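Please read the structure below before turning to the comments.
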Amino acid sequence: MIAITPKEVELFADFVHSHTGIVLNSTKAYLLESRLGPMLEETGFSNFTDFFYAGYRSSKWVSRVIDAISTHETSFFRDQRPFDLLQSKILPEYFGKRQSDPEAFNFGLQIWCAACSTGQEVYSLAMIIAELLGKEIGQWNVTITGTDISENAIHKARQGFYTSYEVDRGVPLVQRQKYFEVKGEMLKVRDELQRMTLFKKMNLLGASGVNGLYDVILCRNVAIYFNQDNRRRLFETIAACLRPEGVLLIGSTESLHGVSDHFVRKESCNTVYYQAKCQTTNYSAKVS
Ligand SMILES: C[S@@+](CC[C@H](N)C(=O)[O-])C[C@H]1O[C@@H](n2cnc3c(N)ncnc32)[C@H](O)[C@@H]1O
């Protein structure tokens, strides 16, 4: 493996931070060597400095480096409890309210999975919604928007192909049979789930992004990679995108304490979730 010098570590750490907000931790030298080493070998560079200066102006190179450096760990129904909360309380209450208000009925349901990686989180939500709405799903306009900075991750999410290992890690057998079809050695998410989804490449700290307001936002296991300033920026953006009665779910090891005072912490089904502190309507808000 090609060794990286301390100066090169700083060069790449600054570059990654300015493009993604990701702060590389103390294992950064090893992480850079192991994740970027194959790219150096493939392109014939013998050191990280030459590799950097030859590539950093190319958007394709930037995209590949970010893909390699960011951690895409995810799984279907990851951490289970937030999905139980959505399935047993939040979504049934939401659908019930909408149905009992004829004026609001058919407004639909808008969900944003920020930093969705390869899509398992999005399809887990789609399975829950399909189960809850059953045959009534056609009456609803459900969109689950999955965004991530990684082009490869978004591509895989959009395709909806997974190995049986990936599916069996989180999807119960009944749902596996109901919502996946076998395609060669892979399992493909069925069209009825894919129809609810929309995937976009998006930098959560960038200048352009998802427009709109959401009833539910999941932003799990990404803010842990950011510094405090960027966490604040991220949750400012999220606060501006959450509908007045909307619900925010973050990762099970994460907290908004000291990060944002826009939200009220609530707990149900042994799970923490957040709602807007000041539930005033702000329909002009958008992520930019
Ligand atoms: C560990 S995964 C979390 C996936 C999923 N939310 C979950 O909890 O299973 C973190 C994801 O954050 C994405 N990411 C990192 N920095 C980002 C940024 N600035 N904007 C958008 N996505 C980012 C990575 O590409 C990666 O796919």
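Note that this is a predicted model, so its numbers are computed, not measured. For ligands, and for the atoms within them, numbers begin at 1 and follow the listed sequence.
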query: Tell me, which protein residue and heavy-atom name are nearest atom 18 (C) of ligand 1, and how many Å apart are they?
result: Asn203 OD1, 3.6 Å
- request: Report the nearest protein non-hydrogen atom to atom 27 (O) of ligand 1: residue, atom name, distance rounded to 0.1 Å.
  value: Asp148 OD2, 2.7 Å
- line: Quick note on ligand 1: atoms under 4.0 Å from a heavy atom of Ser117 include exactly 4 (C), 27 (O)
task: Ignoring angles and geometry beyond distance, decide whether Ala115 reaches within less than 3.5 Å of ligand 1 through its nitrogen or oxygen atoms.
output: yes
- prompt: Does one side chain, of Gln120 or Ser75, offer a donor that lies under 3.5 Å from an acceptor on the other?
  reply: no
- prompt: Looking only at atom types and distance, does a side-chain atom of Asp79 sit under 3.5 Å from a main-chain N or O of Arg81, one as donor and one as acceptor?
  reply: no
- prompt: Which of parallel (below 30°), tilted (30 to 60°) and perpendicular (above 60°) describes Phe235 and Phe263?
  reply: perpendicular
Any donor-acceptor N/O pair, Arg176 side chain to Val171 backbone, under 3.5 Å: no
field: Ile22 neighbourhood, listing ligand 1 atoms whose heavy-atom distance to it stays under 4.0 Å
entry: 15 (C), 16 (N)
For atom 10 (C) of ligand 1, the protein heavy atom that lies nearest, with its residue and separation: Thr71 O, 3.3 Å
message: Main chain of Asp215, side chain of Arg243: is a donor-acceptor contact present, judged purely on distance under 3.5 Å?
response: no
field: Flag, side chain of Thr271 to backbone of Cys269, donor-acceptor distance under 3.5 Å
entry: yes
- request: Run the numbers on Tyr162 and Phe76 for ring-ring contact (aromatic ring centres under 6.0 Å, His included), then give the verdict.
  value: CA-CA 11 Å; Tyr162 298 95; Phe76 289 99; 5.0 Å; yes
- prompt: So is Met202 in contact with ligand 1, going by heavy-atom distances below 4.0 Å?
  reply: yes
Closest protein heavy atom to atom 20 (N) of ligand 1, given as residue, atom name and distance to 0.1 Å: Leu204 N, 2.9 Å
- prompt: Which protein non-hydrogen atom lies closest to atom 17 (C) of ligand 1, naming both residue and atom, and how far is it?
  reply: Ile149 CG2, 3.7 Å
- line: heavy-atom search around atom 8 (O) of ligand 1 in the protein gives Asn221 ND2, 2.8 Å
- request: Measure from atom 19 (N) of ligand 1 to every heavy atom in Ile69, Ile250, Asn152, Thr20 and give the option owning the shortest one.
  value: Thr20
Protein contact to atom 9 (O) of ligand 1 [nearest heavy atom, distance to 0.1 Å]: Thr74 OG1, 2.6 Å
- prompt: Sub-3.5 Å donor-acceptor pair from the side chain of Glu181 to the main-chain atoms of Lys188, do we have one?
  reply: no
- request: Examine Met186 and Phe180 and state if one hydrophobic cluster contains both, with Ile, Leu, Val, Met, Phe, Trp and Tyr joined whenever side-chain heavy atoms are less than 4.5 Å apart.
  value: no
- request: Below 4.0 angstrom from a heavy atom of Ser70, which ligand 1 atoms are there? Numbered from 1 as shown, please.
  value: 24 (C), 25 (O)
message: With respect to Tyr225, determine whether any N or O atom, backbone or side chain, lies less than 3.5 Å from an N or O atom of ligand 1.
response: no
- request: Distance to 0.1 Å, residue and atom name: give those for the protein heavy atom nearest to atom 7 (C) of ligand 1.
  value: Arg78 NH1, 3.2 Å
